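All values reported here derive from a predicted model rather than from experimental measurement. Labels below follow one simple rule: chain letters A, B, ... track the order of the sequence lines, proteins then strands, and each chain is numbered from 1.
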Number of protein chains: 2
Amino acid sequence: MNETLEDVTTIFTDFLAKKNLRMTNQRNLILKMFLSTEKHVSSDDLYSLIRKQDNTIGQATVYRTLKLLAEAEIATIVEFGDGVARYEHIYLHQHHDHLICEGCNIHIEVVDDDIERLQVRLAKKYGFTLTSHKMYLYGKCEKCQNISSL
Amino acid sequence: MNETLEDVTTIFTDFLAKKNLRMTNQRNLILKMFLSTEKHVSSDDLYSLIRKQDNTIGQATVYRTLKLLAEAEIATIVEFGDGVARYEHIYLHQHHDHLICEGCNIHIEVVDDDIERLQVRLAKKYGFTLTSHKMYLYGKCEKCQNISSL
DNA sequence: CTTTTTATTGTAAAATCTTATCAATATATT
DNA sequence: AATATATTGATAAGATTTTACAATAAAAAG
């Protein structure tokens, strides 16, 4: 997981080619901006960012491209439950799960190898092979535990 | 976790009372229908079910009541990532996670005590106390593994 | 190079899901 | 009963996402 922008662009271009789709200036720019973000961006977030560089781009194009990036497995969807689809990129960014404080809403990205192993075992028990997973842990961080005990 | 419909109705009524809200015929019916469902229902699913019994009920009331049920911790939201909020009830139904086949979309409800334990441990590592979690495992079931290997 | 075919784009309309508004009604309180 | 408060259904409004379509750009064919 140490790909450069060029590498990922090639991956996306190849993905597009396989589906008889074309790499365009718009798609290129959207990918570049998307990879330059940290954390989770909604289509609208990304649209705003891109408009600063090119205000001729259409919002629908951003939606369409993010869907393609998810299909190409360059982006994954993260759902916070507010009805907005957010995306994060896999490159320059490892797999992780989410630890979320219900008090202050802070998000911490976590990974636990033991859990990952047990997930595979659990799936196997049902005859499944695992390709991915999403795990969200909700609770209270240290600060908010104290606050709520007042 | 062996409450009857009456028990849950009382729980909901008490919850409402605490918030200066009232138990009404509509809320009663919605709760009853909701508890009679298995699996995950969207507000719209439930609305269709209820209309068969009472076609004077409004869609907004179903939305409103499901939100209240979630607040009362009688229902929890499940997100499948298609932009539709689905609810499942906790009573007559234990906590579980989700094993989902990407081939045929079958959903299996699973629980693994070891994983549950490790989740608590992981949260503790960051000073968190856990209140709940959501885990979705995506993969291929036995059948679909064979199909996709053709 | 042209010509022709195919994919892509931006705009705007439409679709979808959810929330807010509001007058009429039902429930609780006095 | 009279008054106050909450609830309802219908509908409008909001928000997010998708679709339709004519104009444009890119690729393939000649």
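With a 6.0 Å radius and a threshold of 12 heavy atoms from other residues, nucleotides or ligands, A:K134 has its NZ atom above the threshold. Applying the 6.0 Å contact sphere to CD of B:E73 captures no more than 12 heavy atoms from other residues, nucleotides or ligands.
Mapping B:L16 and B:Y47 onto DNA chain D via the closest heavy atom, the residue that lands nearer the 5' end is B:L16. Across the interface with DNA chain C, nearest-nucleotide mapping of B:N25 and B:R86 shows B:R86 to be the residue nearer the 5′ end.
The phosphate of D:dG9 (OP1 or OP2) has a side-chain N or O of B:Q26 nearer than 4.0 angstrom. OP1 or OP2 of C:dT18 sits under 4.0 Å from a side-chain N or O of B:Y63. Side-chain N/O atoms of A:T24 include none lying less than 4.0 angstrom from OP1 or OP2 on C:dT8. At least one side-chain nitrogen or oxygen of B:K67 sits closer than 4.0 Å to the OP1 or OP2 atom of C:dT19. B:R64 has no side-chain polar atom (N or O) that falls below the 4.0 Å cut-off from OP1 or OP2 of C:dT19.
Using a 30° and 60° split on the angle between ring planes, A:Y138 and A:Y136 fall in the parallel class, below 30°.
We find that B:R121 and A:D114 are joined by a salt bridge, their nearest charged nitrogen and carboxylate oxygen being less than 4.0 Å apart.
To the nearest angstrom, C1' of C:dT27 lies 13 Å from CG of B:L21. Residue A:D82 contributes atom CG, which lies 13 Å from atom P of D:dA15 at whole-angstrom precision. Whole-Å rounding puts the B:I30 CD1 to D:dG9 C1' distance at 12 Å. Protein atom CZ of B:R27 is 11 Å distant from nucleotide atom P of C:dA28, rounded to whole Å. If you take CG of B:L68 and P of C:dT19, they are 11 Å apart, rounded to a whole angstrom.
Among the heavy atoms of the strands, none lies under 4.0 Å from A:S42. Among the heavy atoms of the strands lying under 4.0 Å from A:N20 are primed sugar atoms or P, OP1, OP2 only; no base atom is included.
In terms of polar N and O atoms assigned as donor or acceptor, the side chain of B:R22 comes within less than 3.5 Å of the base of D:dT5 in a complementary pairing.
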